[in-house]
Amino acid sequence: MQRFRVKQNLLLVNSGTRILLRNVTAFTSQEAHTKTIDKHKKVESELYVAPFAKAQIGTFFQERPSLGNHYKEDQTLQSYLKRHIPPDIFTSKVEPDLHNFGQRVTSEIVDLGQQCDVELPYVEHFDPWGQRIDRLVTCPAWKKMHDISAEEGIISIAYNREIGEYSRLHQMAKVYLFASFSGLYSCPIAMTDGAAKIVENLATEYPWLKERAFGHLTSRQPGQFWTSGQWMTERKGGSDVANGTETVAIPQEDGSFRLHGYKWFSSATDADITFTLARVVGKDGQTTKGTRGLSLFYVEVHNADGSLNNIQIQKLKNKLGTKQVPTAELLLDGTIAHKVSDEGRGVASISNMLTLSRIHNAFASASAMRRVVNTARDYSTRRSAFGSVLKNYSLHVQTLARLEVEVRGATLLTLEAARLLGREDVGTATEHEQMLLRLLTPLAKLYTAKQAMSVVSEGLESFGGQGYIEDTGLPGLLRDAQVLPIWEGTTNVLSLDVQRALMKTKGRALQVWHDDIICRVESAGQHTELSQAAETVAKSASFIIDFAQRHSDVLDKAARDFAYSLSRTFIGALLVQHAVESGLDPTDIYAAQRWCEKDLTPVITNQSRRHFSSNSADLDFQLLFKNYHDQGRL
Ligand code: UCC
């Protein structure tokens, strides 16, 4: 009997008859085949050909989502930069670089980022002869991210200042394009930027520091480029740094110090240098408690021979996400360090680093949102369900459009913080702008981090089950986003930081915030489509000022809602202003309108519901603890 190889993967189904040809390479008889064909020939039009026999996995494969040039696909970024950077500088220096980088991000860097997610860092604690070495091993893709960061000038652009105050915007635009694809290399970049800012600011008092480190931190040569850590958190906690820091610094005869302590979360442990806080031990062997006892120290992580500077890596942290980043518990056991602040001025001195890392955090949040929304947008053109591609379903498009509004708002807020930082960098920021920057930094960090959590989560949902599958790279985005509201200050800690910024200026910063908003939305009143949004924003700003004046006694309890109100109202103003100044593009107008339909002032809404009264505080406590108390656990 003549035999032949089955050519098609066919499960033939006809009116309930199923003939399964099980094996891809199966041979069957010509006769049997002919019979089957004959049987079905007559009813070919009714024949349903289900493709499961040969390959066993079917023939339909969902086309994967893909991203184009990440810069060119971002209308908000482009139009914001065009608005703020003089045209000749923009066209000659900024746009071509961002264009190239936008291409590099979605063609080369995306895969490297994925590799960082797979090849996680680990520590070799001992060499084969039992010697403790604590060698941190990172993957080639992580190292490549280091080199790319240097080549692309991700730090250097901001400090070489080739284009003056616009350098910071240029740099942060790159950070924004890079962060969510960088395999979390954005973390060491944030710390390194903060370190460069500290070193630059301390140049007069500590010229040796600038000479030693600045060139490395801002180098474009991969072999010369240093990254920095920021080791602040200890076992007693990351928020209450003043009371949580136990590390002591013992003065040495040569003017240096030896640090002894335990750093509980030290991110990017492969850094070359770090800044850290410790308490100087006085001649009486005592240290000073609280903030007044904390000083800032500069540490080089490795000795000249590559061994660690009396540092033991106890373990790498087992985190929910950001596993790509080697975050470690470190024992400092006589680590050589150099004091770079006056005694007791540690927190104030490291605050420069906090400002930078919080702004980077906001860009990382905006970046994660942008990546998810652009990917979901592309996917909606490739994925069909119920007879049509998803982009044809207005419910689906409405869901993504709501996310797009969030991303645009977050992008404008973070870019505005970067613009002000650029002016502060070069010393042209007015006093008002400095106050505004001080206020916008915690606001941008806290608000965009929360947006990122919800936008990334909703974005993943738009992929259906695929959004839950690891090797699509999508779930990692959600896990990694969860760190954004936590590190560099939680939402509540930052809400209190907002209060600190307001108190320090005796409320002037709030007035500046208000006046700035009014100025931004003023001209929108003449555009019919925007007048309502502009009015809402202006009224909200005034209500908030009024609230702060009349209810200063509840500001601590209202701190979170207050910070949200400042953020939402400010973003509303930015969206309205952007719509006007970008030439009244209908999508910009629509984004501003949609944003301003939100409750811009939850603090006022919740005040009217008496959320901040002492009665509510008692009820909140009862709600949470009554049962716990009843169980005898309180
Ligand atoms: O713990 C962390 C890791 C979490 C897990 C992450 C996993 C790793 C994965 C990473 C992969 C990507 S991260 C660290 C989180 N911790 C923080 O960010 C600190 C949060 N806490 C704060 O921000 C607090 O508000 C403190 C530490 C700043 C408060 O300290 P004090 O000592 O109570 O502060 P004072 O007394 O209010 O301020 C001391 C000085 C003042 O200056 P003078 O004396 O001149 O008035 C303040 O004005 O510092 C100044 N200052 C600031 N200046 C305080 N905060 C600021 C600021 N934000 N900007 C400017």
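This structure is a prediction, so every number in the text was calculated from the model and none was measured. Atoms within a ligand are numbered from 1 in the order they appear, just like the ligands themselves. We number each residue from 1, following the sequence as shown.
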ask   = Any ion pair linking E119 and K323 (charged N to carboxylate O, less than 4.0 Å)?
value = no
key: Where ligand 1 meets R345 - atom numbers and elements under 4.0 angstrom, heavy-atom basis   = 43 (P), 44 (O), 45 (O)
ask   = Is R419 paired with E424 through a side-chain N to carboxylate O contact shorter than 4.0 Å?
value = no
ask   = For ligand 1, which part of S351 has a heavy atom less than 4.0 Å away: the side chain, the backbone, both, or neither?
value = side chain
request  = Could you give me the CA-CA distance, side-chain angles and deciding distance for K174 and E152, then say whether salt bridge (Lys or Arg N to Asp or Glu O under 4.0 Å) is met?
outcome  = CA-CA 9 Å; K174 289 188 101 166; E152 292 285 347; 2.8 Å; yes
ask   = Quick one: does R438 get a heavy atom under 4.0 Å from ligand 1?
value = yes
task = Just let me know how D497 lines up against ligand 1, side chain, backbone, both or neither, with a heavy-atom cut-off below 4.0 Å.
result = side chain
request  = Check each of S186, C187, A364 against atom 12 (C) of ligand 1 and report the one with the nearest heavy atom.
outcome  = C187
remark   = atom 23 (O) of ligand 1: of R358, R500, Q230, E488, the nearest heavy atom sits on R358
ask   = Does the side chain of H146 come within less than 4.5 Å of T227's, by heavy atoms?
value = yes
inquiry  = Judged on heavy-atom distance to atom 1 (O) of ligand 1, which of T233, N352, L496 sits nearest?
reply    = T233
task = Kindly say whether the aromatic ring centers of Y166 and H170 come within a distance under 6.0 Å.
result = no
Is_contact(atom 39 (C) of ligand 1), protein non-hydrogen, under 4.0 Å = yes
request  = Compute the ring centroids of F257 and H338, then answer whether they are less than 6.0 Å apart.
outcome  = no
ask   = Under 4.0 Å from any heavy atom of K504, which atoms of ligand 1 are there?
value = 42 (O), 43 (P), 45 (O), 46 (O), 48 (O)
key: salt bridge (Lys or Arg N to Asp or Glu O under 4.0 Å) between R235 and E246, intermediate numbers included   = CA-CA 9 Å; R235 276 207 189 105; E246 296 178 308; 5.9 Å; no
inquiry  = As a check for students: among V498, L294, T291, L320, identify the option with a heavy atom nearest to atom 32 (O) of ligand 1.
reply    = T291
